[in-house]
Amino acid sequence: MSKIGEGLVVPGKRTNGDDNVVVFISLIFIIAGVMGWLFPSLSWHMKHGWAMDGNSGPSDNYIFFSRFGAVIVLGWGIYMLITGDLGKLSS
């Protein structure tokens with residue numbers, strides 16, 4: 001079981017390649033979570049918006065669940081960064 005803060009990169013501390021992969025993947029999750037929270041309708045516009053005519057947009061439920069998913073992704077990214085554990089992503 002890893003301890004809290006064990007996965008964090010400390011300046012001057014040598015890390016192996018696995019630690020760098022954990023940090024990289026966790027940062028991708030964190031960036032995706034922040035982008036999903038700030039721009040919840042972006043995915044709707046990329047998937048459906050280009051095919052619509054007129055003034056249409058995502059529903060309020062779509063925006064709510066997009067932000068809810070973004071919070072989960074952000075939380076998972078922070079968890080990976082703090083613990084250094086990829087969970088089911090690691091082999």
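Here the CZ-CG distance, from Arg67 to Leu38, works out to 8.0 Å after rounding to the nearest 0.5 Å. Atom-to-atom distance recorded for Ser59:OG and Trp44:CH2 is 9.5 Å, nearest 0.5 angstrom. Put simply, CG on Leu74 and CD1 on Ile31 are 11.0 Å apart, with the number rounded to the nearest 0.5 Å. Once rounded to the nearest 0.5 Å, the distance linking CG of Leu27 with CD1 of Ile78 reads 10.5 Å.
Heavy-atom minimum distance, Tyr62 versus Ser43: OH-OG, 2.8 Å. Nearest heavy atoms, Val73 versus Ala32: CG1-CB, 4.3 Å. The shortest non-hydrogen separation linking Ala70 to Gly33 is CB-O, 3.4 Å. Ser56 and His45 get closest at one heavy-atom pair: O-CE1, 4.4 Å.
Hydrophobic cluster membership is shared by Met35 and Leu81, with clusters built from Ile, Leu, Val, Met, Phe, Trp and Tyr side chains linked at under 4.5 angstrom. In the hydrophobic clustering of ILVMFWY residues, with side-chain heavy atoms under 4.5 Å counting as a link, Val34 and Leu42 come out together. In the hydrophobic clustering of this structure, Phe39 groups with Ile30; members are Ile, Leu, Val, Met, Phe, Trp, Tyr whose side-chain heavy atoms approach within less than 4.5 Å, directly or through other members. Note: the hydrophobic cluster containing Met80 also contains Val21 (ILVMFWY, side chain heavy atoms under 4.5 Å, direct or indirect links).
Checked against ring pair (Phe, Tyr, Trp, His ring centres under 6.0 Å), Tyr79 has the following partners two or more places apart in sequence or in another chain: Trp76. Ser41 meets the side chain to side chain donor-acceptor pair (under 3.5 Å) test with no other residue; sequence neighbours excluded.
Between Phe64 and Phe68, the two ring planes are parallel [angle under 30°; tilted spans 30° to 60°].
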